2 protein chains.
Amino acid sequence: MDTTAGEVDTVNMLEDPGGARRYHHGNLRAALIDTAVDQARSGGADAVVLRDAARRTGVSHNAAYRHFADRDDLLAEVSRQGMAELERRMRDRLADLPDDDTGEPASARLRAVGREYVHFALAEPGLFSTAFACARPEDGAPGQGAYGVLSTVLDDMVTAGVLPAERRPGADVTCWAGVHGFAVLCLQGPLRDLPEDDREAQLEGLLERLARGL
Amino acid sequence: MDTTAGEVDTVNMLEDPGGARRYHHGNLRAALIDTAVDQARSGGADAVVLRDAARRTGVSHNAAYRHFADRDDLLAEVSRQGMAELERRMRDRLADLPDDDTGEPASARLRAVGREYVHFALAEPGLFSTAFACARPEDGAPGQGAYGVLSTVLDDMVTAGVLPAERRPGADVTCWAGVHGFAVLCLQGPLRDLPEDDREAQLEGLLERLARGL
DNA sequence: CCACGGATGTGGACACCGGCAACATGGACA
DNA sequence: TGTCCATGTTGCCGGTGTCCACATCCGTGG
């Protein structure tokens with residue numbers, strides 16, 4: 001029923017140096033996910049095509065069905081990868097900042113996270129939309145995932161004293177909604193054809209207003 | 001090249017009382033759009049299927065190609081319908097409010113518009129997502145469309161004195177992004193399984209913060 | 001060391017879809 | 001009345017997701 005390969009996910013360990021095409025592939029699942037992620041990157045969820053992925057991976061169609069229940073299952077995995085990459089980028093950006101807990105840097109961290117969220121969406125539109133296009137039960141360990149990164153930053157703002165504790169509930173939803181909506185509007189909404197400079201300016205304005213409204 | 005039927009769009013005048021199945025259908029284009037909108041309502045853009053639409057409309061596949069260049073063309077029409085319905089609902093909600101231009105009602109109008117935006121998305125998830133899922137060059141008469149409704153409300157707030165003129169630029173993008181993002185997050189993001197009460201509470205919080213941040 | 005069985009990959013088939021092309025029809029207009 | 005063009009139809013093609021039966025490989029028990 002479920003195809004969760006017993007904890008041997010380890011994506012990205014392809015092309016073993018021996019180059020031995022030991023069919024009985026060895027890591028077909030990971031290879032297929034990589035290919036599917038590439039498809040998603042270049043064309044969004046609709047571009048994730050089982051037969052083509054198998055072809056590109058050098059394997060016959062149907063081979064995928066030994067590792068995924070169906071196309072949606074593969075798509076869910078792509079979604080997870082996309083979400084993970086988003087989270088990674090946000091954490092990386094955060095790591096670039098000094099992380100003392102005086103007031104100013106605390107809200108700077110919030111802006112940095114929001115900015116990176118939008119920049120990821122614009123840099124990887126296909127992967128970003130695929131990450132959200134696919135309904136999944138959500139794992140939901142608190143503090144984990146992209147949502148968790150944002151929550152942590154807001155919590156830090158409370159402890160730093162820049163955000164009153166009574167304002168904390170709901171702040172995450174507002175921030176998340178703001179940047180996510182902006183990203184979507186830039187990707188496929190009325191802000192699609194905005195020149196990059198204007199877009200950055202609008203983004204800064206958005207982040208400022210969001211922070212002011214907290 | 002373009003299939004813009006010469007200004008005889010007039011959707012929704014089906015079932016002529018005579019019931020005469022005068023094949024050479026008379027209004028196939030409109031009928032197909034109606035069917036496609038139904039498909040979108042019940043399953044989003046992916047559920048808009050040319051052959052099935054033709055079947056349901058009681059016509060052979062390929063008949064559609066006399067009225068639409070391809071599937072994307074039909075989808076674009078569905079998108080327009082969805083956008084129009086969104087705009088209509090927002091205007092209706094606005095019409096319910098007293099429209100003197102004293103301060104308080106002016107911002108109440110902003111909240112009402114935002115609320116209705118989200119409520120439409122939740123009530124018609126398929127149509128809402130289809131409305132945005134389809135890249136179109138955008139007509140863009142200012143003051144028209146759902147975006148125009150929001151802009152007008154914000155302009156009114158400036159004339160009413162509740163919003164400083166220097167804060168006006170960019171305010172539309174922030175508001176739009178906030179409600180759109182919230183809607184998307186509720187439809188397919190981490191807020192998907194939020195009980196309705198909590199969702200309404202979060203929405204009110206969002207609207208309040210957005211207004212405060214302007 | 002070998003046979004066997006389960007995991008993995010293959011080839012074929014089916015139904016469905018979007019999109020051409022060639023044909024049929026019927027209403028409008030000369 | 002006769003012709004023409006818009007509209008609708010049948011047939012076909014390539015592509016896709018998914019099921020089924022078969023082939024193959026590898027590890028494990030005898």
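Chain letters run A, B, ... following the sequence lines, proteins first and then strands; every chain starts at 1. It should be emphasised that the depicted structure is a prediction, and the values quoted were computed from it without experimental measurement.
Evaluation of the salt bridge (charged side-chain N to carboxylate O under 4.0 Å, His left out) rule for B:Glu124 yields B:Arg41 as partners, not counting sequence neighbours. Applying the ring pair (Phe, Tyr, Trp, His ring centres under 6.0 Å) criterion to B:Phe120, with sequence neighbours excluded, gives no partner residue. In this view, B:Arg115 and B:Glu204 satisfy the salt bridge (charged side-chain N to carboxylate O under 4.0 Å, His left out) rule, not counting sequence neighbours. Residues passing the side chain to side chain donor-acceptor pair (under 3.5 Å) test with B:Arg168, sequence neighbours excluded: B:Asp155. Not counting sequence neighbours, the partners of B:Arg55 by the salt bridge (charged side-chain N to carboxylate O under 4.0 Å, His left out) test are B:Asp52.
The nearest whole Å value for the distance from the CG atom in A:Leu28 to the C1' atom in C:dA7 is 13 Å. Regarding A:Arg66, its CZ atom lies at a distance of 11 Å from the C1' atom of C:dG6, rounded to whole Å. One interatomic measurement links the two molecules: CZ of A:Phe68 to P of D:dT18, which rounds to 13 Å at whole-angstrom precision. Straight-line distance from the CG atom of A:Leu74 to the C1' atom of D:dT16: 14 Å, rounded to whole Å. Between the CG atom of A:Asp73 and the P atom of D:dC19 there is a distance of 12 Å, rounded to whole Å.
Among all heavy-atom pairs drawn from A:Ala123 and A:Arg89, the shortest one is CB-NH1, 4.2 Å.
Here B:His67 does not reach the OP1 or OP2 of D:dA6: none of its side-chain N or O atoms lies under 4.0 Å away.
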Subject >> Under 4.0 Å protein heavy-atom contact, by nucleotide of nucleotides 15-20 of chain C - B base, S sugar-phosphate only >> reply: --BBBB
